[in-house]
Amino acid sequence: MENDKTLRNWLTEMNLDHPLVIAGPCSAETEEQVLHIAHQLKDSDATVMRAGIWKPRTRPGNFEGVGAIGLEWLKKAKKETGLMIATEVANKTHVDLALKADVDVLWIGARSTVSPFIVQEIADALQGTDKIVLVKNPVNPDLALWLGGVERLYAANIKNLGVIHRGFSTYEKIKYRNNPEWQIAIDLQNRFPDLPILVDPSHIAGARNLIFDICQTALDLNYDGMIVETHHTPDKAWSDAAQQITPEFLKQMTIDLRIRKKHGAGEFNEKLNVLRSKIDVIDNQIIDFLGKRMGVADEIGELKKENNVAILQPERWNNVLNKLTLKGEKNQLSKDFVERLTKAIHEESIAHQHKIISQY
Ligand code: PEP
Ligand code: MN
């Protein structure tokens, strides 16, 4: 690969008839395990095999990776199967060893993207490389940190750059291990439209039954591919067991996924689908937010009930309405629309509170 090529150009030249697939275990465990999985992936859609060898674990005392010996196993897997190889790097020593081992794809993990010091150290060590470098989103939902990571790598003259969306940590208990917050990835795509984006459904999901749907949403949002944790005996994996899928499952999944064609006659429909998917994501957020708002309204209802206070407080209501119509104007929303919307929300809140207050 020449240094003036971007990852986008490389993807075009690869001319795959499906999204880019990177697959392989969360962690390299033994030489046999790496080779076994590599051979199972050989006749799948996977172009690249992943395996973590330096594992960032949130708490100490867990398996922390096999270290540099794993590079030898990956090299062997590449030689035997022709798959490209990928691993996570988290400091200069990792980068130097991975480059020496001719690792094709190096990714920066979510716990590293949060630290500009670490990203800068990695960028300096990678300076000018023609290897593919992928930046995962930071653990916390902070677009600026993610953009900053990308900018530091661009500044180090790394052209074969892409990003991985692996979701964001929340304190709240949700069905995902990491909240996808699709809007953040959409915002990143808007800022860097030429930067390929892959989904990491495994770390978003935390459970294998959610992986298919996450991949489908990502493809509907025009993602370029996926990095999926894949293990021959997932339940026995030394790390992230619950979210790994078998190579067989991966093969079936890539057959079942609805893949939008990027070129050809239906360009209008394709553009429309992308835009509709974006609308769907936002609509879902609106409903979630309204649900949360009603939750707070219920709490207020309880409070009013305990203190025997009337539901409707006209002064407060006028205040809310004025503030929102002003904000609406700034967002190109007509006064009439914001008023109707706010009234509808308010009515629903009143109905909620009424129900609470009338319970004895
Ligand atoms: C991984 O890909 O194995 C990993 C540790 O992911 P993340 O940085 O997204 O937590
Ligand atoms: Mn993992």
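Sequence positions, counted from 1, serve as the residue numbers for this chain. First listed ligand is number 1; within each ligand, the first listed atom is number 1. Remember, it's a predicted structure, so these values are computed and weren't measured experimentally.
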**Request:** Would you check whether Gly109 has a nitrogen or oxygen atom less than 3.5 angstrom from a nitrogen or oxygen atom of ligand 1?
**Result:** no

**Asked** Is any side-chain heavy atom of Pro19 less than 4.5 Å from a side-chain heavy atom of Ile259?
**Response** yes

**Asked** By atom name, which N, O or S atom belonging to Asp240 lies closest to the Mn ion (ligand 2)?
**Response** OD2

**Asked** How far does OG1 of Thr47 sit from CG of Asp104, to the nearest 0.5 angstrom?
**Response** 11.0 Å

**Asked** Of Gln243, Gln40, His36, Gln244, which meets side chain to side chain contact (heavy atoms under 4.5 Å, CB included) against His231?
**Response** Gln244

**Asked** Which of the numbered atoms in ligand 1 are below 4.0 angstrom from a heavy atom of Arg166?
**Response** 7 (P), 9 (O), 10 (O)

**Prompt:** Hey, which atoms in ligand 1 end up nearer than 4.0 Å to a heavy atom of Arg111?
**Reply:** 7 (P), 8 (O), 10 (O)

**Item:** Trp317 and Ile350, any side-chain heavy atoms less than 4.5 Å apart
**Value:** no

**Asked** Can you list the atoms of ligand 1 that are under 4.0 Å from a heavy atom of Glu229?
**Response** 1 (C), 3 (O)

**Request:** Indicate yes or no: does an N/O atom of Glu88 lie under 3.5 Å from an N/O atom of ligand 1?
**Result:** no

**Message:** Does either side chain, that of Lys271 or that of Asn269, offer a donor lying less than 3.5 Å from an acceptor on the other one?
**Reply:** no

**Prompt:** Does an N or O anywhere in Asp200 fall below 3.5 Å from an N or O of ligand 1?
**Reply:** no

**Message:** Please determine whether salt bridge (Lys or Arg N to Asp or Glu O under 4.0 Å) holds for the pair Asp220 and Arg258, giving the CA-CA distance in whole Å, both sets of side-chain angles, and the decisive distance to 0.1 Å.
**Reply:** CA-CA 8 Å; Asp220 292 341; Arg258 197 165 22 89; 3.3 Å; yes

**Nearest to the Mn ion (ligand 2) - the N/O/S atom of Glu229, by atom name** = OE2

**Asked** Looking at atom 8 (O) of ligand 1, what's its closest protein heavy atom, distance included?
**Response** Ala110 N, 2.8 Å

**Item:** Note, Ile164 side chain near His203 side chain (heavy atom, < 4.5 Å)
**Value:** no

**Request:** Run the numbers for me: atoms of ligand 1, each under 4.0 Å from some heavy atom of Lys55, listed by number.
**Result:** 1 (C), 3 (O), 5 (C)

**Prompt:** Is the shortest side-chain N to carboxylate O distance from Asp187 to Arg191 below 4.0 Å?
**Reply:** no

**Message:** Within the 4.0 Å heavy-atom shell around Arg50, which atoms of ligand 1 are there?
**Reply:** 1 (C), 2 (O), 3 (O)

**Prompt:** Is there side-chain contact between Phe289 and Ile286, with heavy atoms separated by less than 4.5 Å?
**Reply:** no

**Message:** Suppose we measure from atom 4 (C) of ligand 1 to each protein heavy atom; which comes out shortest, and what is that distance?
**Reply:** His203 NE2, 3.5 Å

**Message:** Just to confirm my output: which protein heavy-atom neighbour is closest to atom 6 (O) of ligand 1, and how far is it?
**Reply:** Lys136 NZ, 2.9 Å

